[in-house]
Number of protein chains: 2
Amino acid sequence: MSYTKTEENYLKAIYGLESKFGKSVSTNKLANKLETKASSVTDMVKKLAKKELITYKKYQGVSLTKCGKEIAINIIRNHRIWEVFLVEKLGYKWDEVHEIAEQLEHIKSEELVDRLDDFLEHPSFDPHGDPIPDKKGNIPTRKEAIQLNELAIGEEGIIVGVKNTNNEFLQYLEEMNLTLGKKIKVEKVFDFDKSKIIKTEKKKVTISKEVSSNLIIEKS
Amino acid sequence: MSYTKTEENYLKAIYGLESKFGKSVSTNKLANKLETKASSVTDMVKKLAKKELITYKKYQGVSLTKCGKEIAINIIRNHRIWEVFLVEKLGYKWDEVHEIAEQLEHIKSEELVDRLDDFLEHPSFDPHGDPIPDKKGNIPTRKEAIQLNELAIGEEGIIVGVKNTNNEFLQYLEEMNLTLGKKIKVEKVFDFDKSKIIKTEKKKVTISKEVSSNLIIEKS
DNA sequence: CAATATTTTTAGACAAGTCTAAAAATATAT
DNA sequence: ATATATTTTTAGACTTGTCTAAAAATATTG
Ligand SMILES: [Mn+2]
Ligand SMILES: [Mn+2]
Ligand SMILES: [Mn+2]
Ligand SMILES: [Mn+2]
């Protein structure tokens with residue numbers, strides 16, 4: 001069984017919203033995420049329900065079935081492996097790959113992504129620090145990952161991920177030298193707005209609460 | 001300006017048939033090539049004509065405009081570069097890549113194929129010996145290429161291309177050890193059916209006229 | 001709890017691309 | 001040159017995914 005690009009994008013969006021909010025996904029949330037109208041979502045959601053990829057009760061939102069979830073995770077796997085390829089092999093920057101991966105993730109071939117995965121030597125995380133599901137759908141975890149937010153004065157860690165993968169944010173981080181793998185130390189926390197002074201190997205930077213809550217750190 | 005996958009496939013098909021037959025392309029030929037119906041072709045052809053990608057006069061067939069030709073060549077460039085990638089980097093065999101390249105050729109990104117081209121070190125020919133157009137649309141040529149057909153007894157050459165890229169034919173060639181880069185010598189020609197005995201480095205094989213007219217050779 | 005606001009669904013329409021069946025144009029054969 | 005065959009176009013319909021406007025259901029609030 002193979003699905004259209006649109007169906008795959010709906011499933012992926014449902015998966016994302018389900019994970020984020022931990023409950024069934026409303027028509028409006030989905031419409032917003034997919035940049036379409038609620039009425040379009042209602043139509044598509046009926047189709048996916050008939051194919052048993054989601055469960056749907058009128059006015060009650062949707063959630064993925066086992067099968068729908070498998071498909072969603074597979075698309076995410078494709079997306080992230082392609083992102084690794086684009087950065088590692090073609091020299092793209094981390095803020096340039098998402099759009100292209102959105103297209104590449106829908107290429108229909110059982111084998112292609114597996115071969116790409118071999119070629120890339122089975123990466124566990126993508127260029128934004130997001131975990132890459134394996135062929136069976138298992139998603140790698142990091143035991144010790146916390147938000148930079150939760151790091152106290154004097155504590156150190158390594159940047160291993162970003163929560164927000166918005167291009168402008170990624171470019172900002174690049175300029176601040178706060179990219180994946182960088183070692184950082186909390187120098188100071190301003191209580192009134194929770195902004196922090198962060199020491200990296202090269203320089204000191206001040207970041208807002210907004211920024212520190214979007215950086216994933218492994219304590220060291 | 002960006003075009004749909006369908007539009008791109010029509011342009012590519014028209015390009016192929018125009019090159020092959022050297023005249024304007026009929027509705028039926030196009031329908032046959034694209035595995036669709038003549039009525040569908042008529043509809044689409046009107047659309048492409050309105051966009052000035054082809055010229056079309058009712059009952060007279062179509063041909064590409066300069067702009068349409070540029071697009072077609074670009075898609076062919078994408079296709080062939082992806083085929084090189086699949087074979088050279090992911091270890092696919094030459095009979096396994098066409099289908100996937102049919103999908104990958106439509107990925108929308110000015111930059112992607114250029115970067116891939118750099119990564120592959122600017123190949124001039126794809127895994128089937130077909131020339132890869134450059135960014136500007138220039139298509140590399142081989143001065144000395146002839147059909148194995150035209151090689152007389154005792155003459156030698158190197159296989160540099162196949163005219164027919166049908167999977168079964170490619171698999172047959174693989175088994176006969178008649179793949180790209182192989183050195184061959186014509187040992188004997190049977191006049192009654194123009195079949196030939198060919199000596200490769202490893203063994204002697206007998207091939208039909210059909211086969212020898214589909215192999216491109218550089219004399220040596 | 002009733003009035004109001006918000007969310008969701010329905011109804012009907014549209015664009016892209018395709019199809020079948022029939023009509024019109026062109027090509028071929030007597 | 002006329003009849004026949006083939007090719008091409010038109011007409012009308014279908015599917016997928018989308019939209020707007022209006023109706024129905026649910027949520028919020030005084
Ligand atoms: Mn991404
Ligand atoms: Mn990512
Ligand atoms: Mn090909
Ligand atoms: Mn090829």
Side-chain angles (χ1 to χ4, degrees), chain A residues 1-14 17-18 20-64 68 71-72 75 102-103 105-108, chain B residues 1-14 17-18 20-21 23-64 68 71-72 75 102-103 105-106 108:
Chain A
M1 199 62 327
S2 186
Y3 303 92
T4 67
K5 187 186 281 196
T6 311
E7 288 171 333
E8 290 180 347
N9 280 335
Y10 269 82
L11 294 174
K12 194 170 58 132
I14 295 166
L17 293 169
E18 226 178 1
K20 187 170 175 187
F21 296 104
K23 55 180 175 190
S24 75
V25 178
S26 75
T27 303
N28 257 5
K29 279 234 169 65
L30 211 37
N32 186 52
K33 178 118 179 181
L34 291 164
E35 294 179 288
T36 184
K37 302 289 159 163
S39 55
S40 306
V41 171
T42 302
D43 286 349
M44 178 55 82
V45 134
K46 284 179 187 168
K47 207 160 33 172
L48 294 174
K50 199 187 288 181
K51 294 190 182 182
E52 298 187 40
L53 300 173
I54 62 176
T55 57
Y56 164 62
K57 283 239 176 71
K58 268 190 192 179
Y59 299 99
Q60 301 306 122
V62 301
S63 52
L64 295 172
I71 296 164
I75 301 297
E102 285 292 310
Q103 298 181 60
E105 70 186 10
H106 301 290
I107 299 292
K108 260 74 189 170
Chain B
M1 196 68 321
S2 185
Y3 302 94
T4 67
K5 187 186 281 194
T6 312
E7 288 171 333
E8 289 180 348
N9 281 334
Y10 269 83
L11 294 174
K12 193 170 59 133
I14 295 166
L17 293 170
E18 226 177 1
K20 186 169 176 187
F21 297 103
K23 54 180 176 188
S24 75
V25 178
S26 76
T27 302
N28 257 5
K29 279 234 170 63
L30 211 38
N32 187 51
K33 177 117 180 181
L34 291 165
E35 294 180 285
T36 185
K37 303 289 159 165
S39 54
S40 307
V41 171
T42 303
D43 286 349
M44 177 55 83
V45 135
K46 284 180 188 166
K47 207 161 32 173
L48 294 174
K50 198 186 292 180
K51 294 189 183 181
E52 296 186 41
L53 300 173
I54 62 177
T55 57
Y56 164 62
K57 282 239 175 70
K58 269 189 192 181
Y59 299 99
Q60 302 304 123
V62 300
S63 52
L64 295 173
I71 296 165
I75 301 298
E102 285 292 311
Q103 297 181 60
E105 70 187 9
H106 300 291
K108 260 73 188 170

Spacing between [X] atom [atom1] and [N] atom [atom2], to the nearest angstrom:
{"X": "A:K37", "N": "D:dT16", "atom1": "NZ", "atom2": "P", "answer": "23 Å"}
{"X": "A:K57", "N": "C:dT9", "atom1": "NZ", "atom2": "P", "answer": "13 Å"}
{"X": "B:N32", "N": "D:dT6", "atom1": "CG", "atom2": "P", "answer": "16 Å"}
{"X": "B:L11", "N": "C:dG17", "atom1": "CG", "atom2": "C1'", "answer": "15 Å"}
{"X": "B:L34", "N": "C:dC19", "atom1": "CG", "atom2": "C1'", "answer": "15 Å"}
{"X": "B:D43", "N": "C:dA21", "atom1": "CG", "atom2": "C1'", "answer": "14 Å"}
{"X": "B:Y56", "N": "D:dT9", "atom1": "OH", "atom2": "C1'", "answer": "7 Å"}
{"X": "A:L48", "N": "D:dT16", "atom1": "CG", "atom2": "P", "answer": "12 Å"}

Side chain of [X] only, heavy atoms from C-beta on: which candidate in [options] is closest?
{"X": "A:K58", "options": "C:dT9, C:dA24, D:dT18", "answer": "C:dT9"}
{"X": "B:S40", "options": "D:dC19, C:dT18, D:dT9", "answer": "C:dT18"}
{"X": "B:T27", "options": "D:dG17, C:dT7, D:dT8", "answer": "D:dT8"}
{"X": "B:Y10", "options": "C:dT10, C:dT20, C:dT18", "answer": "C:dT18"}
{"X": "A:S26", "options": "D:dT9, C:dT8, C:dG17", "answer": "C:dT8"}

Inset, instruction - Answer with yes or no whether the side chains of B:S63 and B:S24 bring together a donor and an acceptor at under 3.5 Å. - result: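 Judged by distance alone, the side chains do not pair up.
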Legend entry - Between OH on residue B:Y56 and OG1 on residue B:T42, distance to nearest 0.5 Å: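 The distance works out to 5.0 Å.
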Legend entry - Sugar-phosphate only, base, or nothing, as touched by A:K46 at under 4.0 Å among non-hydrogen atoms: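 Sugar-phosphate: the residue A:K46, judged by heavy atoms under 4.0 Å, touches backbone atoms but no base.
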Inset, instruction - Remember a base hit wins even if backbone is also touched, and classify B:K29 as base, sugar-phosphate or nothing at under 4.0 Å, heavy atoms. - result: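 Touches nothing.
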Inset, instruction - Inspect the contact between A:E105 and A:K5 and indicate whether a charged nitrogen and a carboxylate oxygen are less than 4.0 angstrom apart. - result: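 Answer for the salt bridge query: no.
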Legend entry - Side-chain N or O of A:N28 closer than 4.0 Å to phosphate OP1/OP2 of C:dT6: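 No, because none of the side-chain N or O atoms of A:N28 sits under 4.0 Å from OP1 or OP2 of C:dT6.
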Inset, instruction - Considering just the side-chain nitrogens and oxygens of B:T42, establish if one lies under 4.0 Å of OP1 or OP2 belonging to D:dT10. - result: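 Looking at the OP1 and OP2 atoms of D:dT10, neither is under 4.0 Å from any side-chain N or O of B:T42.
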Inset, instruction - For A:T6 and for A:Y59, locate the closest nucleotide of DNA chain D by heavy-atom distance; then report the residue assigned to the nucleotide nearer the 5' terminus. - result: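 Comparing both residues, the 5'-ward one is A:T6.
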Inset, instruction - Could you say whether A:Q60 or A:E7 is positioned toward the 5' end of DNA chain D, judged by the nucleotide with the nearest heavy atom to each? - result: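 That would be A:E7.
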Legend entry - Base D:dT20 to side chain A:S39, donor-acceptor N/O within 3.5 Å cut-off: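 Counting by modelled atom types and ignoring angles, a donor-acceptor contact under 3.5 Å is found here.
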Inset, instruction - State whether the side chain of B:K108 and the backbone N or O of B:H106 hold a donor-acceptor pair below 3.5 Å, judged by distance alone. - result: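 Yes.
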Legend entry - Among A:K47, A:K51, A:K50, the one residue meeting salt bridge (Lys or Arg N to Asp or Glu O under 4.0 Å) with A:E7: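 The passing option is A:K51.
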